[in-house]
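Scroll down for the structure; my scribbles are underneath it.
First listed ligand is number 1; within each ligand, the first listed atom is number 1.
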Amino acid sequence: MSETADPTSPSASFSRLLQGSGDASSRAIQKDNVRLLLVDDKPELLKSLFELVSIHGYIADQALGGQAALEALACNDYDVVLLDLIMPGVSGHDILEYAASQQLASKIVVVSGDASFSGVKHALHCGAFDFVKKPYEADALIATMETALKQCQLEERNSHVEAQLKESEELHRFIVNSSPDLVYMLDRDGCFTFLNDRLESLLGYRKDELLGRHYSELVDDDHLELARNIFNERRTGERAATNTELRLKSRLQRSGGRFLHAQSVWMEVTAKGIYQDNGERSRDTFSGTYGTARDISERKEAEQVINFQAYHDLLTHLPNRALLKDRLSMAITHARRNQRKLGVMFLDLDRFKIVNDTLGHTMGDRLLKAVAKRLQSCLRRGDTLSRFGGDEFTLLLPEVRSRDDVKMIASKILDRLNAPFILDGHELFVGASIGVALYPEAGETEEMLIQNADIAMYHVKGRGKNGFEFFSEEMNHQFTTRLAMERELRNALVQEQLCVHYQPQVDIRDGRIVGVEALVRWQHPTRGLVAPSDFLPVAEETGLIVQIDEYVQRRAFQDVQGWRNAGLGDVYLSVNLSATQLEQERCVANFTESLQQSGLPAVAVKIEITENLLMEDLEVIVPKLKELRASGLQIAIDDFGTGYSSLSYLQQFPVDTLKIDRTFVADIRAKRGDVTITNAIVAMAKGLNLSLIAEGVENRTQLNHLRKLGCTVVQGFIFSGPIAADELASLLGHNPFPELLASAIKAAD
Ligand code: C2E
Ligand code: MG
Ligand code: MG
């Protein structure tokens, strides 16, 4: 663009301005400010000239001859000089030449008797403003002089305005170029006619590269339509200068911003149409556009980060619950319209918590990322995998033809997840429980589908994990019952409805009560005493078992220490520990703290761990058992014989006691020799130098058989079932078991 088309340039309007003030002749002359010089070599003529101008109210300097005139002109600025031409020495022509050479602004009116054509021509050629012939008519002379004066004042005013405009133009140019925004101007065809200095630092182009080019060369391809909208003609009213967010192509390499396109910059663009002569806004009068563009990439990036965070899980970058729900609701609409099925899978990792608790959160996070990656490799186009937090993932399968489709995907996922994850040299096995809800049979809204997939997943967990199941109404019923139970159980903990019963463990050589096992009971307000098998599974699933176990242990430590203090004998205490409690990070610390508070010595406590639990989480549980044992506690394997522990494992475990499961004891019947398992377990315990307890001993046959095998400690209904603390205290005071034992042995003999 030429500099004159610059919107900041005043040139165009300047000429108008001059025109506007063109009727200067009508203006009155300010006579006091007028500076006049009268030049003549004849004193009388000079005098009469002076008198003439004086009569008209002017003050004038007089120069008698050319030399005096030169001196006066050298010292003063005159508006008008009335000059005689023919003078001896320095002539009027010399004065005219001098004035031209010095570029004097004075208007020179020649007053001369030499009215020859050449004289006049020469005078005008030398820059004389006008010519008045001598002898002059007074009015004509004054009129000519005043015309010269007006012209002079007009020129002065104009040069003043010009100076002001120049200053203003410089100011505007400075403001435009130092603006933090890009300032542009387009012609009616959309080509750049002006760009300010910001162009280079904002977008990396030189001005000459873009001037004359169409704006579309600068607009990101995706935004061309939008750009057309704002740069076209006929913007009126509200649309006259709207702010529009556009992406412009940039040559600058931008750092950071994974959400931004490296080659484009977000700009907020204003555009205002220019219409000729303030004419009506029409295609014909449209002559271009001007406006600004502001870099808003930082704000845009912040918005995009916030947007991403609102809809994604930041660890795995998978969609979060909100985004999944969005997509699910769209998929439901689609499936309904096309009478199709769709599937929602709820997936929970089986052993994530253990990894997180034992190897730390960093490792847990890495495992989750690795799991997310594997899961993604099982997806088809259009499927959405999302993380709901923790170790829960949800998978939306919008295109499902049959159950078999989903079965295949679920099996594939399980297969992939069953392969170990190797992280930092750790070989981690996770496995997953997957619940599936199909639209429309398992629900018609997103909430129902997600909830029912969740219920089906819980069902898989309850059945031993690592598998998948489709939701069914039956599950729903079980689920609601379980929910009610969970609520009640939480309440039971607060209201202290749980109590501890104790079952004696008896030395069958003399009938002494050597220990007691603490067993939890629920004193339910309407259902009476509830057995642990009725509520512990729910407690396990919900994690409430930890609070229950800790409560039972605290109570039992106090009770047993209380009996010791009361001189009722130094019985030891057996307590059951759940897998969930053992998996707690602070399990050992909490246990020993609670024990210390009660005053009961560690050697008086035996921890019972079921054999199955032991086999499940070897690498997590063994170190904890070692720690517990190191603090003086004893460890017993509960329900021994029902699990799969091999002899080699047994040797590694930090174990003191085996508790023969009552199913084997129940197998001991009169006149049947088929008790090989019990016999084998007793022999094994002896061989490994472990102590032995037989549980579930109900009759004399069992008692005597065990006695003959060399088993010394027995727990069972034959002596006593689990009883309340005060009953057990009185049993300790008056132990009837020696007599009971004696008669049993006698009967057997
Ligand atoms: P367990 O640890 O194997 O406890 C022995 C179970 O056998 C008790 O059942 C007891 O009442 C029962 N029993 C004892 N003698 C006989 C007998 O001669 N014949 C028969 N048929 N049964 C006998 P209970 O109290 O119903 O407890 C069931 C299981 O619940 C326990 O098995 C234990 O695994 C668990 N449990 C009980 N209390 C707690 C607790 O406070 N915490 C944890 N984690 N588990 C507990
Ligand atoms: Mg037990
Ligand atoms: Mg048992």
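- In this structure, A531 has no heavy atom closer than 4.0 Å to ligand 1.
- Counting heavy atoms only, E698 comes closest to atom 20 (C) of ligand 1 of the residues E698, Q702, Q715.
- Using a 4.0 Å cutoff on heavy atoms, E517 counts as a contact of ligand 1.
- Below 4.0 Å from some heavy atom of P532 lie the following atoms of ligand 1, by number and element: 24 (P), 25 (O), 26 (O), 27 (O), 28 (C), 30 (O), 37 (C).
- Interface atoms of ligand 1 facing R662, defined by a heavy-atom separation under 4.0 Å, are 6 (C), 7 (O), 12 (C), 20 (C), 21 (N), 22 (N).
- Under 4.0 Å is where a charged nitrogen must lie from a carboxylate oxygen, and between D391 and K353 no such pair does.
- Ligand-side atoms of ligand 1 in range of G696: 16 (C), 17 (C), 18 (O), 19 (N), range being under 4.0 angstrom from any heavy atom.
- Both the backbone and the side chain of L519 come within 4.0 Å of ligand 1, counting heavy atoms alone.
- S691 and T657 are linked by a side-chain donor-acceptor pair at a separation below 3.5 angstrom, with hydrogens and angles left out of the test.
- Defined by atom type and a distance below 3.5 Å, a donor-acceptor pair is missing between the side-chain atoms of D549 and Q553.
- Counting heavy atoms under 4.0 Å from ligand 1, residue V520 touches it through both backbone and side chain.
- Side chain to side chain, T362 and D365 fail the donor-acceptor criterion of an N or O pair below 3.5 Å.
- Residue P722 places a heavy atom under 4.0 Å from ligand 1.
- With a 6.0 Å radius and a threshold of 12 heavy atoms from other residues, nucleotides or ligands, K369 has its NZ atom at or below the threshold.
- At a 4.0 Å cut-off, not a single heavy atom of H501 sits close enough to ligand 1 to count as contact.
- In summary, the atoms of ligand 1 found under 4.0 Å from a heavy atom of S578, numbered by their order in the structure, are 44 (N).
- Residues D350 and V430 form no side-chain contact, since every pair of their non-hydrogen atoms from C-beta on lies 4.5 Å or further apart.
- Side-chain contact between V406 and M345 is present, with at least one heavy-atom pair separated by less than 4.5 Å.
- Contacts with ligand 1 closer than 4.0 Å are made by no heavy atom of I548, backbone or side chain.
- Residue contact check: G716 has heavy atoms under 4.0 Å from atoms 15 (N), 18 (O) of ligand 1.
- Side chains of H524 and E488: a donor-acceptor N/O pair is present below 3.5 angstrom, by distance only.
- Residue-ligand proximity, V697 to ligand 1, at heavy-atom distances under 4.0 Å covers atoms 18 (O).
- The atom of E608 nearest to the Mg ion (ligand 2) is OE1, with the search restricted to N, O or S atoms.
- The name of the N, O or S atom in E517 nearest to the Mg ion (ligand 2) is OE2.
- Annotation for ligand 1: atoms under 4.0 Å from non-hydrogen atoms of V552 are 41 (O).
- With a 4.0 Å heavy-atom cut-off, ligand 1 is reached by the side chain of Q503 but not by its N, CA, C or O.
- Distances from the Mg ion (ligand 2) show that S574 has no N/O/S atom below 2.8 Å.
- Between L692 and F640 the shortest side-chain heavy-atom distance does not fall below 4.5 Å.
- Under the 4.0 Å criterion applied to side-chain N and carboxylate O atoms, K606 and E517 are not assigned as salt-bridge partners.
- A salt bridge links E608 with K659; the closest basic N to acidic carboxylate O contact falls under 4.0 Å.
- Distances from the Mg ion (ligand 2) show that E695 has no N/O/S atom below 2.8 Å.
- Listed by number with element, the atoms of ligand 1 under 4.0 Å from a non-hydrogen atom of E695 are 3 (O), 5 (C).
- Geometrically, R662 does not engage F717 in a cation-pi contact, judged by NZ or CZ lying under 6.0 Å from the ring centre and within 45° of the ring axis.
- At a cut-off of 2.8 Å, D638 is counted among the residues with an N, O or S atom near the Mg ion (ligand 2).
- Taking each of L498, V530, N699, D638 in turn, the one with a heavy atom nearest to atom 1 (P) of ligand 1 proves to be D638.
- By the criterion of a heavy-atom distance under 4.0 Å, neither the backbone nor the side chain of V575 is placed next to ligand 1.
- Proximity of I548 to Y551: side-chain heavy atoms (C-beta onward) are nowhere separated by under 4.5 Å.
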